[in-house]
Amino acid sequence: MSFRKYRFRRGFTLVEILVVVVILGLLATLVAPRVIGRGEEAKRTSTLVQIREIEQALDLYKLDNGFYPVTDQGLEALVTKPGSSPEPLKYRNEGYIKKVPLDPWGSPYVYRCPGDHGEYDLFSYGPDAEEGGEGKNQDITSWE
C-alpha cells in the first residue's frame with residue numbers, strides 16, 4: 001500500500017478560488033441590474049394598494065353616513081369620530097381603519113373633499129414629496 005492513496009487534500013488552490021470569484025462576479029453583473037430599481041416599483045405598487053384600501057374605508061364611511069369626510073376632518077375621520085361639522089350620525093364604534101397609514105416614503109396621503117377629480121381626491125406625492133412631478137417622481141393618485 002502506498003501512502004499517497006490516503007493523502008488528504010487540505011483546501012482549495014488559489015486558481016480554484018479565483019475561478020469561483022470570477023463566476024460570482026459574472027453572476028452579480030447579470031442579476032444586479034434586474035434586481036436594483038425594483039424597490040421604487042414595489043413602493044409605487046404598495047402605494048396603489050394602500051390608496052385602494054383607504055378608498056374602501058371612505059366608501060364604508062359614506063355608506064354609513066351619507067357623505068365623505070370633508071378636507072378639514074381628513075383621513076383621521078376614518079380612525080376616530082370627527083367632532084366638527086358635518087358630524088356623522090351613524091359612525092362605527094370601532095372606526096373604519098385602525099390608523100391612517102403613511103405612504104412608503106414616510107409622507108402622509110393627501111385627501112381633499114370635495115375633490116377636483118371626483119367626490120374626493122386621494123393621492124401621494126411620491127418619492128419627491130412634492131406635488132406634480134414626472135417619471136419616477138410622478139404623484140400616485142386615486143383617479144388614474
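- Proximity of a side-chain donor or acceptor of Asp121 to a complementary backbone N or O of Asp116 within less than 3.5 Å is detected.
- At a threshold of 4.5 Å between non-hydrogen side-chain atoms, the residues Ser107 and Ser124 do not count as touching.
- When every heavy atom of Pro114 is checked against every heavy atom of Thr71, the shortest pair comes out as N-OG1, 4.4 Å.
- With Tyr96 as reference, Asp64 is the one residue of Val79, Leu75, Asp64 to meet the side-chain contact (heavy atoms from CB on, under 4.5 Å) rule.
- Listed here is the closest heavy atom pair of Tyr109 and Pro104: OH-CD, 4.0 Å.
- Shortest non-hydrogen contact noted between Ala77 and Tyr91 is O-OH, 2.8 Å.
- Atom-to-atom distance recorded for Asn137:CG and Glu40:CD is 8.5 Å, nearest 0.5 angstrom.
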Salt bridge (charged side-chain N to carboxylate O under 4.0 Å, His left out) evaluation trace for Glu55 with Arg52
CA-CA 5 Å; Glu55 284 183 314; Arg52 298 296 171 249; 3.0 Å; yes
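- Taken to the nearest 0.5 Å, the OH atom of Tyr125 stands 10.0 Å off from the CD atom of Glu130.
- Across all non-hydrogen atoms, the minimal contact from Ser142 to Ile51 is CB-CG2, 3.7 Å.
- Using cut-offs of 30° and 60° for the angle between ring planes, the Tyr120 and Tyr68 rings count as perpendicular.
- Taking CD1 of Ile140 as the reference point, atom OG1 of Thr45 lies at 8.5 Å (rounded to 0.5 Å).
- Between Pro101 and Ile54, the shortest heavy-atom distance links the atoms CG-CD1, 3.9 Å.
- A donor-acceptor contact shorter than 3.5 Å is absent between the side chain of Thr47 and the backbone of Asp103.
- In the displayed structure, Lys136 atom NZ is contacted under 6.0 Å by at most 12 heavy atoms of other residues, nucleotides or ligands.
- Atom NZ in Lys81 sits 8.5 Å away from atom CG in Asn65 (nearest 0.5 Å).
- Hydrophobic clustering, with ILVMFWY side chains joined whenever heavy atoms are under 4.5 angstrom apart, keeps Tyr111 apart from Leu102.
- Using a 4.5 Å cut-off between side-chain heavy atoms of Ile, Leu, Val, Met, Phe, Trp and Tyr, with links allowed through other members, Leu122 and Val49 fall into different hydrophobic clusters.
- Here the shortest heavy-atom pairing between Ile97 and Val100 reads CD1-CA, 4.1 Å.
- In this structure, Leu48 is a member of the same hydrophobic cluster as Trp105, with clusters built from ILVMFWY side-chain heavy atoms closer than 4.5 Å.
- Counting heavy atoms of neighbouring residues, nucleotides and ligands inside a 6.0 Å radius, atom CG of Leu26 exceeds 12 of them.
- Atom CG of Leu18 and atom CD1 of Ile23 lie 11.0 Å apart (nearest 0.5 Å).
- In this structure, His117 and Glu144 have side chains that are not in contact, with every pair of non-hydrogen atoms separated by 4.5 Å or more.
- In Glu134, the CD atom is not crowded: 12 or fewer heavy atoms of neighbouring residues, nucleotides or ligands sit closer than 6.0 Å.
- Taking CD of Gln73 as the start and CD of Glu87 as the end, the distance is 9.0 Å to the nearest 0.5 Å.
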Could you go through the side-chain contact (heavy atoms from CB on, under 4.5 Å) check for Leu58 and Leu78 one step at a time?
CA-CA 7 Å; Leu58 286 166; Leu78 300 174; 3.9 Å; yes
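- With contacts defined as side-chain heavy-atom distances shorter than 4.5 Å, the pair Phe67/Glu119 does not qualify.
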